[in-house]
Amino acid sequence: MKAQPTTTCLLACWLLVTVFSSTLLCAQVKTGVLTGRVVDATANRALLGTTIRVLGTKLGAIADHSGKFTVAHVPAGRYSLKVVCVGYETRMLADIIVTPGQTTLVDVILRESVSRADSVVVSAGYFPLQDATPVSAIEFTRGEIRRSPGAAGDIGRVLSLSSTNARIDDSRNDIAVRGGGPAENAFYVDNIPFKSINYFPKQGGTGGPVSFLSSDIVGSMSLYSGGYGPTWGGLSSAVDVQTRSMGAEDVTVQADVNMTGLRLSAEGPLGIGGMRSTWYASITRGYLDLLKSFLNQVGDPVWASAQQIVTLDVSDNSKVTIVGFSVFSDFTRNHEEALASGQSVNRERENQHTYGVNWRYVIDTSGYMNTSVSFGSILGSEVSQRPIDDLVTYNRNYLEQYVHLRNVTHQSLSTLFDIDYGVDLRREWNTARVLIPTDGYVDKECNWLSVSPFVGAVAHIGELVTATAGLRVDALLNNDASLQALFQPRGSLTYRVRDNVTLAVAGGLYSMPTPFAILQYSTDSMIVATKSFHTIGSIAWQPTDEVRVTLEAYSKQYSDMPLNSKIGYAFPLDEAAGETDVTPSQDLIYTGKARAYGIDATLQKKMSDDFYLVTGLSFQRSFFTGSDGIERHRMFDNRWVGTITAGWDLGAGWETGAQFTTTGGAAYQPADTHLPEYMTLNVRVDKRFNFTASSLVLYLSVLNATDRRNVRKIERVGSYNEIVTRYHLGILPVFGLEWKL
């Protein structure tokens with residue numbers, strides 16, 4: 001973008017709107033209802049007699065025989081809850097927003113205490129331990145997602161709060177975890193796998209400029225950045241998104257304006273028999289193309305999506321969730337714009353569809369299972385031409401489709417021993433027509449089947465030691481009926497030094513099939529699994545209920561990575577998801593090796609009062625060995641990542657926050673050097689208005705508030721190979737609105 005509207009002008013307009021809106025407020029005290037259900041983590045059974053306290057007030061409730069609790073006449077505002085049940089760890093829940101005239105749903109899951117004396121109450125604070133994933137895990141709650149200063153409504157950018165994730169590009173929200181690339185991540189939404197959660201997905205990666213997954217439907221999001229159990233796939237990380245409970249009391253409508261676009265959503269009770277069933281539907285439309293002249297923008301980005309979620313509570317033991325996502329992306333840069341900007345004439349389209357059903361069934365008092373069946377597809381095309389002579393330099397059309405069956409069963413065999421087992425079964429059909437400069441247009445087809453059974457166990461050895469052990473087997477059946485089987489053992493050991501200090505080690509083998517974005521250029525259709533062995537050591541200290549400090553050291557050793565046999569410095573796995581495109585190669589070899597290592601330190605304070613903080617510092621290195629035997633920097637060898645995110649509740653509906661991020665700059669080839677360091681500051685100011693039966697939130701986010709010129713890439717262009725430096729976005733104000741009624 002060549003010009004930006006001034007932040008001062010937008011801030012002034014925003015303040016005028018807030019002042020005008022405040023005159024509409026009623027003088028009476030506005031209240032809402034807080035309700036939910038308390039269940040056991042092992043079998044989802046109701047916990048009768050659980051006490052729920054609304055901290056800072058005299059309000060509270062006791063759960064009935066179905067685990068349900070209701071707190072009426074709660075003044076509108078933000079609260080923390082304390083949930084106590086004898087024999088279970090006490091849960092603390094922060095950042096619960098009560099809206100006037102409406103019902104706020106809060107579902108609480110309690111984990112049984114290992115020391116289970118009837119009179120013992122064990123506190124987990126705001127950071128309940130995850131036995132199956134004791135290291136390298138961070139959870140983002142609904143409130144943290146909503147207010148993230150650098151996200152502006154985009155959940156993909158929330159992941160940058162973690163220092164394990166290197167910032168790649170201001171115009172994209174790809175995540176590169178601990179030196180790995182965006183192709184190495186696995187995404188799950190309510191037990192349903194997604195190839196990408198973004199508009200304009202880069203084929204072979206998992207990111208994009210803007211996330212299509214509405215932040216309004218997300219209850220929590222967990223990032224597992226290494227050493228996780230056999231339940232999850234992914235080569236470097238897994239992201240687990242859990243949708244929130246939808247409103248079952250009344251129909252509500254919400255309008256949103258944020259970075260992801262203009263969204264209108266509605267939800268309410270389904271009214272089928274006596275079941276507590278709900279529905280949710282939303283439509284979203286991007287607006288950047290409508291502001292093209294105002295923003296002096298090059299190109300027309302157009303995107304839209306429709307999302308639906310239906311939840312059927314068939315019985316106390318059975319719940320069915322049906323999801324549907326249809327996503328459309330279209331970008332055009334015409335001939336005139338290409339000449340003026342020194343870029344190519346471009347047309348890019350992607351249509352994504354994901355539909356699935358997840359069935360959660362409580363087996364008995366000792367366990368439950370989640371079984372999902374889903375279908376997904378991405379239909380994409382991209383054409384690039386040189387504006388000076390209309391020569392087509394890049395052309396591809398592709399269709400990726402898959403059917404996925406996933407079952408995860410959890411059982412507690414005793415208070416000291418839990419087991420998880422299940423299977424991932426996936427069938428893919430992939431076709432493409434691509435332009436290879438030396439061979440012209442090539443048609444490609446690649447179909448494969450994978451069967452991945454897994455089992456994992458958690459054992460509490462006394463009250464101080466917890467051990468996990470598991471195995472995942474990935475069996476790949478290729479086009480030619482050849483079969484590959486890879487055994488992936490994983491495990492961890494945790495020792496509780498004191499009540500608030502734990503030491504842990506974890507390790508295991510992880511794998512991922514070669515992305516079709518790479519195979520579509522190769523004469524060989526063989527699916528080969530890239531492998532990564534993780535080793536992690538950590539120490540965690542929780543000085544108070546709302547503060548946790550962690551320090552982790554890690555190492556990853558990769559093998560069997562695809563390489564371009566003709567170009568030694570090319571590394572297709574990073575190219576498939578990075579700023580550059582895959583270097584076309586008809587001759588792939590699978591002898592590539594890579595390594596990554598580093599140290600992460602994180603401090604997190606939950607918003608239990610009027611302040612929250614997440615800060616982290618990571619020193620990391622990442623290298624690969626090319627087909628010429630020379631070791632080079634991987635694209636995401638950023639060397640260091642530092643983040644500080646803080647926010648304050650100022651009272652009277654006002655809230656503010658800021659996020660500062662710095663990294664060492666990405667590496668680029670063939671120079672095998674690094675870009676200059678990256679640094680950005682994002683700020684946000686919110687104002688909430690509570691009306692009699694509705695609420696309105698207005699906010700202004702300013703991305704790159706200091707207008708720093710961060711280098712995005714250095715490349716050679718034109719017939720004279722002129723070296724051109726391109727930059728990230730300058731200062732970018734984003735106006736947001738959330739109106740719920």
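Considering OG of Ser215 and CE of Met221, their distance stands at 10.0 Å, rounded to 0.5 Å. In this structure, Leu675 CG and Ile714 CD1 are separated by 5.5 Å, a value rounded to the nearest 0.5 Å. Note: Lys556 NZ to Ser236 OG = 3.0 Å, rounded to the nearest 0.5 Å. To the nearest 0.5 Å, atoms OH (Tyr569) and CD1 (Ile630) are separated by 12.5 Å. Atom CG of Leu486 is separated from atom OG of Ser450 by 12.0 Å, given to the nearest 0.5 angstrom. Rounding to the nearest 0.5 Å places CG of Asn430 at 8.5 Å from CG of Leu519.
The shortest side-chain heavy-atom distance between Thr706 and Met679 does not fall under the 4.5 Å cut-off. Under the 4.5 Å side-chain criterion, counting only non-hydrogen atoms from C-beta, Thr530 is in contact with Pro562. Side-chain contact between Leu573 and Ile518: present, with at least one pair of heavy atoms (C-beta onward) separated by less than 4.5 Å. Between Arg157 and Gln659 the shortest side-chain heavy-atom distance does not fall below 4.5 Å. Using a 4.5 Å heavy-atom cutoff, the side chains of Lys444 and Val434 are not in contact. At least one side-chain heavy atom of Ser555 sits less than 4.5 Å from a side-chain heavy atom of Gln557. Side-chain contact check for Gln352 versus Tyr199: every heavy-atom pair is 4.5 Å or farther apart. When side chains are defined from C-beta on, Trp448 counts as touching Pro513, because their heavy atoms get closer than 4.5 Å.
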### Query
Passes side chain to side chain contact (heavy atoms under 4.5 Å, CB included), Asn638 versus Tyr678? Steps please.
CA-CA 9 Å; Asn638 289 76; Tyr678 169 95; over 6 Å; no
### Message
What verdict does the side chain to side chain contact (heavy atoms under 4.5 Å, CB included) test give for Arg178 and Ser136, after you've listed the backbone C-alpha separation in whole Å, the side-chain angles of each residue and the deciding distance to 0.1 Å?
### Response
CA-CA 11 Å; Arg178 289 179 168 172; Ser136 306; 2.9 Å; yes
### Task
Begin with the C-alpha distance, continue with both residues' side-chain angles, and end with the deciding distance and a verdict on side chain to side chain contact (heavy atoms under 4.5 Å, CB included) for Asn185 and Val239.
CA-CA 7 Å; Asn185 311 307; Val239 179; 5.5 Å; no
### Task
Decide side chain to side chain contact (heavy atoms under 4.5 Å, CB included) for Tyr727 and Val711; before the verdict, give the C-alpha distance in whole Å, the side-chain angles of both, and the deciding distance to 0.1 Å.
CA-CA 4 Å; Tyr727 295 91; Val711 176; 3.8 Å; yes
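Checked by atom type and distance alone, the side chain of Thr332 never pairs as donor or acceptor with a backbone atom of Asp300 at under 3.5 Å. Between the side chain of Gln669 and the main chain of His633, a donor-acceptor pair closer than 3.5 Å is present. Looking at Arg490, its side chain does come within 3.5 Å of a backbone N or O of Leu509 through a donor-acceptor pair. Ser374 contributes no side-chain N or O that, together with a main-chain N or O of Gly356, makes up a donor-acceptor pair within less than 3.5 Å. In this structure, Lys202 contributes its side chain and Asp174 its backbone to no donor-acceptor pair below 3.5 Å. Under a 3.5 Å cut-off, the side chain of Ser196 and the backbone N or O of Asn198 do form a donor-acceptor pair. Although no hydrogens or angles enter the test, the distance criterion places a donor-acceptor pair under 3.5 Å between the side chain of Asn682 and the main chain of Asn704. His534 places a side-chain N or O within donor-acceptor distance of the main-chain N or O of Leu235, the cut-off being under 3.5 Å. Side-chain atoms of His674 come within 3.5 Å of backbone atoms of Asp637 as a donor-acceptor pair (strictly under, hydrogens ignored). Under the 3.5 Å distance criterion, the side-chain polar atoms of Thr615 are matched with a main-chain donor or acceptor of Thr643.
Under the 3.5 Å distance criterion, with hydrogens and angles disregarded, no donor-acceptor pair is assigned to the side chains of Asp240 and Ser222. Defined by atom type and a distance below 3.5 Å, a donor-acceptor pair is present between the side-chain atoms of Ser511 and Gln488. For the residue pair His404 and Arg426, a side-chain donor N or O sits within less than 3.5 Å of a side-chain acceptor on the partner. Side-chain contact annotation: Asp600 with Thr164, donor-acceptor N/O pair under 3.5 Å absent. Between Tyr287 and Arg285, the side chains place no donor N or O within less than 3.5 Å of an acceptor N or O (distance only, hydrogens not considered). One side chain, Glu382 or Asn346, offers a donor N or O that lies under 3.5 Å from an acceptor on the other.
The shortest heavy-atom contact between Ile145 and Val158 is O-CG2, 3.9 Å. Here the shortest heavy-atom pairing between Arg406 and Thr231 reads NH1-O, 3.1 Å. Scanning both residues, Phe516 and Gln203, for their nearest heavy atoms gives CD2-NE2, 3.7 Å. Taking every heavy atom of both residues into account, Ala658 and Val683 meet most closely at CB-CG1, 4.1 Å. Of all heavy-atom pairs spanning Pro149 and Leu703, the tightest one is O-CD2, 4.0 Å. The nearest pair of heavy atoms linking Gly181 to Asp574 is CA-OD1, 4.1 Å.
Screening Arg244, Glu139, Glu144 for a side chain to side chain contact (heavy atoms under 4.5 Å, CB included) with Ser220, the sole residue that qualifies is Glu139. Screening Tyr510, Tyr188, Phe187 for a ring-ring contact (aromatic ring centres under 6.0 Å, His included) with Trp232, the sole residue that qualifies is Tyr188.
Remark: aromatic rings of Phe328 and His353 are close, center separation under 6.0 Å. Checked against a 6.0 Å centroid threshold, the rings of Phe212 and Trp303 do not count as neighbours. Aromatic ring centroids of Phe624 and Tyr558 lie 6.0 Å or more apart.
Within 6.0 Å of CZ on Phe533 lie more than 12 heavy atoms contributed by other residues, nucleotides or ligands. Summarising the local packing, CZ of Arg708 is surrounded by more than 12 heavy atoms from other residues, nucleotides or ligands at distances under 6.0 Å. Shown here is Ile599, whose CD1 atom has no more than 12 heavy atoms of other residues, nucleotides or ligands within 6.0 Å.
Applying the salt bridge (charged side-chain N to carboxylate O under 4.0 Å, His left out) rule to Asp672 yields no partners; only residues at least two apart in sequence or on another chain are considered. Residues passing the salt bridge (charged side-chain N to carboxylate O under 4.0 Å, His left out) test with Arg472, sequence neighbours excluded: Asp424, Asp474.
In summary, Asp216 and Arg142 engage in a salt bridge, as defined by a charged side-chain N under 4.0 Å from a carboxylate O. With respect to the salt-bridge test (charged N to carboxylate O, under 4.0 angstrom), the residues Glu350 and Lys195 do not qualify. Between Arg639 and Glu677 there is no salt bridge, since no side-chain N of the basic residue sits under 4.0 Å from a carboxylate O of the acidic one.
At least one test fails for Arg632 against the ring of Phe571: distance under 6.0 Å to the centre or angle within 45° of the axis.
The aromatic rings of Tyr355 and Phe375 lie parallel to each other, their planes meeting at an angle below 30°, with 60° marking the opposite boundary.
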